[in-house]
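Values reported hereafter were calculated over all heavy atoms of this structure, with side chains retained and with hydrogens, waters and symmetry mates removed. Within every chain, numbering begins at 1; the chains are lettered A, B, ... in the order of the sequence lines, protein sequences first and strands thereafter. Just so you know, these numbers come straight off a predicted model, no measurement behind them.
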Amino acid sequence: MTPAGSLLEARALRKAYGPTPALDGADFSIHPGEVVAVMGPSGSGKSTLLHCLAGIIRPDSGTVRYGPHTLTDLSDTHRSALRRTDFGFVFQFGQLVPELTCLENVALPLRLNGTRRKAAEHRARDWLERLEVDDVAAKRPGEISGGQGQRVAVARALAPQPRVVFADEPTGALDSLNGERVMGLLSDAARATGAAVVLVTHEPRVAAYADREVVVRDGVAREMAGAA
Amino acid sequence: MSIGHTLLGLLESGPRHGYDLKRAFDEHFGQDRPLHYGQVYSTMSRLLKNGLVEVDGVEAGAGPERKRYAITDAGVTDVAQWLARPEKPEPYLQSTLYTKVVLALMTGRDAAELLDGQRTEHLRLMRGLTERKRSGDLADQLICDHALFHLEADLRWLELTAARLDKLAAAVRG
């Protein structure tokens, strides 16, 4: 797919950690409602690409455009605000606040965006139901299984209705069955809400839930021809 | 897959006509490759000759005779032995893909591009299977999962080979 009409687009990203280049001229684009798998060997620059796209780190050079914004030109404060309102995140583990219940965890980003408690918890409960984990609403993360925790994390990422979800190895800590369940629910929910999903994974079976794949090798992202 | 053993196994639940056997086979195992009638009848004649099935009845009709087949004791033993015997794992040594990669390197072609093209094709198939799995019943899910795990193994090999292309090129070019 061409970058025309893309929601998020990166051009010629370069990022080095000391003398080691992590990204060496990477391009990327994603459209609304699209799920794109970012694949590649360990250390190829997949996660660095995701962090640059999400505005978590600033590339040494190159641009990231999100809608009308050029992320790479925005201040840290502005990028943080955009991440809170427009982006959702799912990581491999360790993302839920252990002191809060699952319901409070899902409501948290809504509360941070200024939604009142009752409305936030109402919406959080809806999302727990959609991810089929409403039965653990009152439990804390330490009291639930890894698969349930990951579905709670997906609910939390999607509850504020982000326009882009960044998922970095979201099933990496799960067994096959739980991993597939999380991927099915994540891709369905994202498509239903029109969110774009940038899915970093090294597992082909997880990537098969995406619409197309991009392979990062030696810091360069390659669109796979004819994969769309 | 051993069609003979599968048809024998289907007969264990009771005698069936050739047509019923084909239908049962296609329903359970023939999603991608339904049996031809010819295959059913040639297999049944072989099983008959080997004493693993017997003709339980013949219906005369307008067309050819319709034989009803029943499994014999020897047939039941044969199915039991087949089920108990582990399948020989197939390591696919010297696979077509390996041959293509080596030939590409030997002839100075772009082996990385070949691997990328194959990877795209594998993932395309995996996406189709994932879609089918998600809209299918449990049998569909299990059949698709089996294919998906094998394709995933191929993809891991493609990835590993891509990472070792320089070494492989040096080795094949001597």
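For B:Asp56, the side chain to side chain donor-acceptor pair (under 3.5 Å) partners at least two apart in sequence or on another chain are B:Arg68. Residues passing the side chain to side chain donor-acceptor pair (under 3.5 Å) test with B:Thr107, sequence neighbours excluded: B:Arg109.
Neither the backbone nor the side chain of A:Ser44 comes within contact range of chain B, judged by heavy atoms closer than 4.5 Å. Residue contact with chain A, scored on non-hydrogen atoms closer than 4.5 Å, involves the side chain of B:Leu155 exclusively.
Interface with chain B: from residues 196-208 of chain A, residues A:His202, A:Glu203, A:Pro204, A:Arg205, A:Ala207, A:Ala208 qualify, criterion being any non-hydrogen pair under 4.5 Å. Proximity to chain B at a heavy-atom threshold of 4.5 Å picks out A:Ser176, A:Glu180 from residues 163-183 of chain A, in numerical order.
When each of B:Thr130, B:Leu129, B:Leu148 is checked for heavy-atom pairs under 4.5 Å with chain A, B:Thr130 comes out on top.
The shortest heavy-atom contact between A:Asp188 and B:Arg134 is OD2-NH2, 2.6 Å. Residue B:Arg119 comes nearest to A:Val215 through the heavy atom pair NE-CG2, 3.2 Å, listed as atom of the first residue, atom of the second, then distance. Heavy atoms only, all atoms of each residue included: A:Ala210 and B:Arg127 are closest at O-CD, 2.8 Å.
Shown here is B:Phe149, whose CZ atom has more than 12 heavy atoms of other residues, nucleotides or ligands within 6.0 Å. Within 6.0 Å of CD in B:Glu12 there are more than 12 heavy atoms belonging to other residues, nucleotides or ligands. More than 12 heavy atoms of other residues, nucleotides or ligands lie within 6.0 Å of CD in A:Glu129, so this atom counts as buried by the packing criterion. Around the CG atom of B:Asp166, the shell of radius 6.0 Å holds no more than 12 heavy atoms that belong to other residues, nucleotides or ligands. For A:Arg125, the CZ atom is loosely surrounded, since the number of other residues' heavy atoms within 6.0 Å does not exceed 12.
In this structure, the side chains of A:Arg217 and B:Glu159 come closer than 4.5 Å at one or more pairs of heavy atoms.
Here the OH atom belonging to A:Tyr209 is positioned 10.0 Å from the CE atom belonging to B:Met126, to the nearest 0.5 angstrom.
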